[in-house]
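A quick write-up on the structure given underneath.
Numbers here simply count residues along the sequence, with the first being 1.
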Amino acid sequence: ISKGVIDDFPNVRFFVKEGNQPSARNFAISEAKGEYIFNFNAHAVADKSLVSVVLPKFNGFVDAVGYVVKSVDATGISNVISKCLSSIFAGASSEAFVQYSQGVSDCYMDHLPFVCYKRRVFDEVGLFDESFNSGCDSEFNYRMRCCGFRLLFTADTFVSLHKPSSLKGLFKKMWNY
């Protein structure tokens, strides 16, 4: 899959970096050349419209844009887990979650796991905290908000990924947070 993306998009670069997730993200940020940096993981698949929908959302008031995370093959307990992880219980502010649940396409959020940032956010806030094994995006988004940056959520595009399919898998995932 990565080879196909690289062939189709010559401006996309692929790296293999030893270490934990935040150290790999920080390495990629240091190597990135553009104005916009997508925080993306290997276990997610982007909608074909992701870049073309997200980039126009940036304006003088938006410093980062996040999007919907859809579960792949969510059935039974994995569907319940998916709904919980996509709710206010997963870290969205109550006001933003209410707006989204009422069909508002764009609203500001406190935290989102998949985000496109303007490069200047990293220049001013710093990089991801490498002492975290996971959950570094929550901590980074907190520091970003403390510096006055805003995180816009849009429901106009999405990424897809597999959520834990059992309570044991969920607890294992959440233990790292």
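- Heavy-atom minimum distance, Val159 versus Ala46: CG1-CA, 4.1 Å.
- Scanning for salt bridge (Lys or Arg N to Asp or Glu O under 4.0 Å) contacts around Arg143 gives Glu139, with sequence neighbours left out.
- Annotation for Ala155 and Asp106: closest pair N-OD1, 4.3 Å, computed over non-hydrogen atoms.
- The stretch residues 34-50 participates, sequence neighbours left out, in no salt bridge (charged side-chain N to carboxylate O under 4.0 Å, His left out) pair at all.
- Leu127 pairs by the side chain to side chain contact (heavy atoms under 4.5 Å, CB included) definition with Asn26, Ile29, Phe122, not counting sequence neighbours.
- Annotation: side chain to side chain donor-acceptor pair (under 3.5 Å) contacts of Ser131 (sequence neighbours excluded): Asp129.
- Across every non-hydrogen atom of Leu151 and Gly66, the tightest pair is CD1-N, 3.9 Å.
- For Ser23, the side chain to side chain contact (heavy atoms under 4.5 Å, CB included) partners are Asn20, Glu130, not counting sequence neighbours.
- Looking at residues two or more places apart in sequence or on another chain, you find no salt bridge (Lys or Arg N to Asp or Glu O under 4.0 Å) involving Lys118.
- Nearest heavy-atom pair across Tyr67 and Leu112 is N-CD1, 4.3 Å.
- Applying the side chain to side chain contact (heavy atoms under 4.5 Å, CB included) rule to Val62 yields the partners Phe58, Asn59, Val65, Tyr108, Leu152; only residues at least two apart in sequence or on another chain are considered.
- Under the side chain to side chain donor-acceptor pair (under 3.5 Å) criterion, Arg150 pairs with no residue, sequence neighbours left out.
- The side chain to side chain donor-acceptor pair (under 3.5 Å) test applied to Tyr117 returns Asn141, not counting sequence neighbours.
- A heavy-atom distance below 4.5 Å is found between the side chains of Cys116 and Leu55.
- Follow the hydrophobic side-chain contacts under 4.5 Å out from Phe114 and you reach Tyr36 in the same cluster.
- For the pair Asn39 and Phe140, the minimum side-chain heavy-atom distance is 4.5 Å or more.
- In this structure Glu124 satisfies the side chain to side chain donor-acceptor pair (under 3.5 Å) test with no other residue, sequence neighbours excluded.
- Nearest approach of Lys33 to Arg119, heavy atoms of both residues: N-NH2, 3.6 Å.
- Listed by first and then second residue, the salt bridge (charged side-chain N to carboxylate O under 4.0 Å, His left out) pairs that reach into residues 58-69 are Asp63-Arg120, sequence neighbours excluded.
- Scanning for side chain to side chain contact (heavy atoms under 4.5 Å, CB included) contacts around Glu31 gives Arg13, Phe15, Phe27, with sequence neighbours left out.
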